[in-house]
Each structure stands twice: as C-alpha cells, then as structure tokens.
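Predicted model only: the values in this text are computed from it and were never measured. What you see below is based on every heavy atom in this structure, not just the backbone, and it leaves out hydrogens, waters and symmetry mates.
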Amino acid sequence: MTVEGLPVLKVLLVEDDPLQSAKTVALLEHLGQRVVLACDGAQAIERFCSENPDLILMDVLLPGPNGFETTRRIKEIAGTHWVPVIYLTVLGSHGNLVEGLLAGGDDYLIKPIGLEILEAKLRSVLRTLKLYRALEESRDNLESANAALQHANRELETFTYAVAHDLKSPLRAINGYSTLLASTESSALSADGHEYLRKIVEGTEYMGRLIDDLLEYSRLERGSMNFERLDVARVAEALHAEFRAELDQRDAHITINIASREITADRNALTQALRNLLSNALKFAAAGRPLEIEIGSRKENACHRLWVRDNGIGFDMRHHDRIFDIFERLHRSEDYPGTGVGLAIVRKAMQRMGGRSWGSSSPGQGAIFHLEWPESQGSQLQRTRVPDENGP
C-alpha cells in the first residue's frame with residue numbers, strides 16, 4: 001500500500017512507551033510503511049543489524065543507552081551506508097538535540113506526532129534518501145570498475161613481464177648458434193649466407209635491447225616508489241662515470257650545473273630517466289661538431305626540476321607529444337638506432353613520481369628535456385638522510 005505515490009520504507013521505530021509506540025505504528029502503517037519495533041537501545045542496535053531498515057525513528061529517552069548513544073553506535077556500524085535517524089521528542093525537551101545531531105542524527109519530530117507532519121517528513125527523507133542511494137550506487141560501481149581495471153592492469157603487467165623475460169632465453173640461443181655457425185662454417189657459406197647471418201645477429205641483438213627496455217618499462221610500472229633524500233650531484237656524477245667510455249669515444253663533454261643538490265626522489269626512477277636522456281643526447285649528436293651536454297638542477301615553485309641539454313640535431317616541436325609515446329620514432333632506425341622506448345621510460349618514471357617531463361627544441365639547434373616533480377612528493381614516506389661528505 002502507498003499513499004499518493006509514497007514509496008514503502010522499512011522503518012525501525014525505537015520507542016519504550018507502549019501507547020506511543022502503538023499510535024506511531026498505526027500512523028506509519030496508514031501511510032503504507034513497514035514497521036520494525038524496538039523498545040530500548042540495545043534492541044534497536046540488534047534490529048538494525050538484522051533488519052537493515054531504510055529509516056529510524058528514535059525516541060530520545062530510552063532505558064539503557066539513550067537515543068543519542070544508540071544513534072552513535074548505529075552510525076558506527078553503518079559506516080559509509082547512510083540510514084537517516086529522526087529523533088522523537090516532546091515539546092520543551094529538545095534543547096539538547098544538538099548533542100543528538102552531533103551523534104549522527106539527521107532531524108527530529110515533536111510528540112505527539114500528527115499524520116500530516118509525519119507524511120511530510122517521510123517525503124522529505126525519501127527525496128534525500130534517493131539521492132544518497134544513487135550516490136552510493138555510483139560509488140560502488142566506480143569502486144568495482146576501478147578494482148576490475150587494477151586487476152586487468154596487474155594481469156597485463158605480469159603478462160608483459162613474463163613474455164619479455166621468457167623471450168630472452170631463445171634469443172640468446174639464436175644469437176649463440178648464429179655466431180657459432182659464422183665461425184665454424186665460414187668457408188662453406190656464400191656471400192649471401194654471411195649477409196643473412198649478419199642480419200640474424202643484428203636482429204637478435206636489437207630484439208634483446210627491445211626486451212631489456214620493455215622489462216625496464218614494466219619494472220617502473222609495477223614497482224613501488226621509495227622516496228628518499230638524494231644528492232643529485234652524486235647521481236649525475238655516477239651517470240657521467242657510467243657513460244665515460246662512450247663520451248670519450250664521441251669526444252663529448254658533460255657539464256654538471258647543480259644549483260640545488262638535495263632532492264627528494266625515487267633513486268631508481270630518477271636514475272632511469274636521466275640515463276635515458278643521456279643516451280638520447282649521445283644518439284642524436286650532430287655530425288661535425290663536438291657534443292656538449294649539460295645536466296642541471298634547481299628548485300622552482302615548490303618543485304624539483306632537472307634538465308638535460310644538448311647541442312645535437314634537435315627536433316621539430318610539432319612532434320613534441322609523440323616522442324614520449326612508446327615505440328614512436330622520428331627517424332629511421334638505419335640512421336639512428338634505438339627501440340623507441342627510452343623517452344617513454346622517462347615519462348613513466350616522472351608519472352610514477354607524481355611529476356611530468358617535456359622537451360623543447362628546434363631542428364639543428366639541440367634540445368633540452370625537463371624533469372619536474374613536487375618537492376613535497378613522498379613527504380609521508382620514510383626518507384633516508386643524505387650521507388655527509390665525511391661519512392655517516
């Protein structure tokens with residue numbers, strides 16, 4: 001039964017006065033509502049857990065825990081699921097209802113309750129309840145979708161890592177047997193045969209580099225961030241030493257221009273980003289002039305900012321967004337070898353640190369790539385102290 005389209009609610013009525021309880025039940029049933037009764041606070045909590053009501057009408061003065069304390073306990077049990085509580089009080093005794101509202105109550109009715117005011121209150125509650133239920137449904141749907149998406153991402157990352165890792169073994173075998181064939185059967189091979197073997201070896205070496213880059217990209221995606229206090233000058237110097245042989249071979253020079261040495265960052269992510277930017281600068285050096293590379297750092301607008309500047313071939317800014325996409329290349333692999341993963345690793349490393357990366361350039365004028373992330377990033381995580389120059 002409904003009254004003028006009034007939907008049916010399950011109402012928990014908490015009332016210790018039998019006469020008042022009977023009157024209120026009669027009104028609620030006249031309005032087509034389903035009623036569950038409780039005569040004290042303890043029974044109200046029990047009925048709330050077992051009956052899952054849509055609305056609670058709560059007498060304030062109850063044996064045992066009063067209406068306010070009962071409301072507080074029910075709200076704790078309900079958690080994020082909103083069940084409105086309307087207090088029942090007599091005229092002149094509702095001055096302390098502020099306490100009840102702070103306990104989680106939502107409204108109040110003054111006894112004796114009339115049919116018209118009860119119906120109006122129910123309609124008001126229904127409007128609000130409808131909005132809350134829609135929000136709860138949207139929240140639950142969003143949480144389910146997020147959980148499904150996270151599960152799918154984990155499966156995809158695990159699959160990518162496993163495939164890339166398992167591909168390395170047969171590649172090593174192909175490369176090894178190709179090299180063995182070239183050395184032991186050299187006299188039996190034609191010129192075309194030697195060329196075919198050379199292409200096989202080049203292909204397996206390229207595939208090996210590609211798998212290594214994909215594994216590194218996957219590790220960045222899968223791994224947790226461990227923010228710590230770092231001396232960025234030491235990080236830059238370590239990378240300088242790592243690339244020294246190639247720098248000497250290319251007659252390249254690195255300048256380290258660090259205005260702010262101490263930063264908060266994930267060591268692995270930052271090192272990977274800088275390593276790939278240095279490799280990128282070496283790869284795209286301009287012919288006919290010595291390569292100059294600068295690694296710089298400063299704090300700006302509560303952010304750490306690092307950059308790698310070079311005087312290489314540069315790029316057209318029309319392609320600025322593309323170059324950070326995985327497998328995107330602006331040049332033929334025959335001219336500038338690479339896997340197309342390096343700058344994608346740079347962007348992924350910055351995203352994982354809550355920051356961003358970008359580049360600016362013009363053809364023939366070199367390029368500068370920026371790394372930026374909030375200085376406060378990782379502030380809630382455990383940090384390690386930067387070692388003193390003279391020891392711990």
Side-chain angles (χ1 to χ4, degrees), residues 1-140:
M1 172 186 174
T2 59
V3 174
E4 296 181 2
L6 186 64
V8 178
L9 298 176
K10 183 187 285 189
V11 181
L12 173 57
L13 173 61
V14 187
E15 174 63 73
D16 66 323
D17 183 334
L19 181 59
Q20 186 65 49
S21 177
K23 290 180 178 179
T24 307
V25 168
L27 291 174
L28 289 168
E29 289 181 344
H30 178 77
L31 293 170
Q33 306 306 300
R34 296 169 56 195
V35 184
V36 177
L37 287 173
C39 60
D40 57 41
Q43 191 177 50
I45 294 170
E46 177 188 335
R47 294 287 168 83
F48 174 79
C49 294
S50 62
E51 297 291 340
N52 191 28
D54 301 304
L55 167 67
I56 301 172
L57 297 180
M58 179 79 69
D59 189 18
V60 174
L61 299 177
L62 293 170
N66 66 19
F68 300 158
E69 179 59 27
T70 302
T71 298
R72 186 177 295 106
R73 295 183 190 179
I74 285 175
K75 292 290 185 175
E76 288 175 356
I77 294 169
T80 58
H81 178 66
W82 183 66
V83 178
V85 175
I86 299 177
Y87 294 120
L88 305 178
T89 183
V90 295
L91 185 64
S93 66
H94 57 282
N96 60 346
L97 280 175
V98 172
E99 179 188 349
L101 296 174
L102 292 175
D106 300 282
D107 206 341
Y108 66 93
L109 281 168
I110 296 186
K111 302 176 185 179
I113 304 169
L115 180 64
E116 290 185 359
I117 188 65
L118 181 59
E119 181 181 350
K121 190 69 71 174
L122 287 176
R123 292 188 183 281
S124 175
V125 165
L126 277 164
R127 287 193 295 269
T128 307
L129 195 59
K130 185 177 179 180
L131 291 174
Y132 267 89
R133 293 294 178 260
L135 284 173
E136 288 180 343
E137 184 178 358
S138 298
R139 180 200 64 201
D140 293 343

Shortest non-hydrogen contact between Val83 and Asp106, atoms and distance:
O-OD2, 4.0 Å
Does His81 reach the side chain of Asn52, with side-chain heavy atoms less than 4.5 Å apart?
yes
Using modelled atom types and a 3.5 Å cut-off, is there a donor and acceptor pairing between side-chain atoms of Arg47 and backbone atoms of Leu37?
yes
Once rounded to the nearest 0.5 Å, what's the spacing between atom CZ of Arg34 and atom CG of Leu9?
10.0 Å
CA sep, side-chain torsions, deciding dist, call: Gln20, Leu88, side-chain contact (heavy atoms from CB on, under 4.5 Å):
CA-CA 10 Å; Gln20 186 65 49; Leu88 305 178; over 6 Å; no
Testing Val125, Ile56, Leu28, Val36 for side-chain contact (heavy atoms from CB on, under 4.5 Å) with Val11, which one passes?
Leu28
Taking every non-hydrogen atom, the tightest pair across Gly105 and Thr71
N-CG2, 3.7 Å
What are the two closest non-hydrogen atoms of Tyr87 and Gly100, and how far apart are they?
OH-O, 2.7 Å
Judged by atom type as modelled, is there a donor-acceptor pair below 3.5 Å linking the side chain of Glu15 to the main-chain atoms of Leu62?
no
Could you measure the distance from the OG1 atom of Thr24 to the CD1 atom of Ile113? Nearest 0.5 Å is fine.
4.5 Å
Please find the pair of heavy atoms, one from Leu12 and one from Ala38, that lie closest to each other, and give the distance.
CD1-CB, 4.2 Å
Gln43 side-chain N/O to Cys39 backbone N/O, donor-acceptor pair under 3.5 Å
yes
Atom OG1 of Thr89 and atom CG of Leu109: how far apart are they, to the nearest 0.5 Å?
10.0 Å
How long is the straight-line distance from CD1 of Ile86 back to CG of Leu118, given to the nearest 0.5 Å?
8.0 Å
For Ile77 and Cys49, the nearest pair of non-hydrogen atoms, with its separation, is CD1-SG, 4.0 Å
With salt bridge (charged side-chain N to carboxylate O under 4.0 Å, His left out) as the criterion, how do Arg72 and Glu69 come out once you've worked through the C-alpha distance, each side chain's angles and the decisive distance to 0.1 Å?
CA-CA 5 Å; Arg72 186 177 295 106; Glu69 179 59 27; 2.5 Å; yes
Any side-chain to backbone donor/acceptor pair from Asn66 onto Val60? Under 3.5 Å, distance only.
no
Would you say the side chain of Asp40 lies within less than 4.5 Å of the side chain of Asp16, judging by non-hydrogen atoms?
no
Pairwise side-chain contact, Pro84 with Asp107, heavy-atom cut-off 4.5 Å (strictly under)
no
Any donor-acceptor pair under 3.5 Å from Asp54 side chain to Lys10 backbone
yes
Is there a side-chain contact between Leu122 and Leu55 in this structure, where contact means two heavy atoms from C-beta onward sitting under 4.5 Å apart?
yes
Nearest heavy atoms of Ile74 and Ala44, plus distance in Å:
CD1-O, 4.4 Å
State the CZ-NZ distance between Phe48 and Lys75, to the nearest 0.5 angstrom.
8.0 Å
Student check: side-chain heavy atoms of Leu31 and Leu115 closer than 4.5 Å:
yes
In Å and rounded to the nearest 0.5 Å, what is the CG to CZ distance from Leu61 to Phe68?
8.0 Å
How about Lys23: does its NZ atom have over 12 heavy atoms from other parts shown lying under 6.0 Å from it?
no
Take Thr128 and Trp82 through the side-chain contact (heavy atoms from CB on, under 4.5 Å) test and state the conclusion after the steps.
CA-CA 10 Å; Thr128 307; Trp82 183 66; 3.8 Å; yes
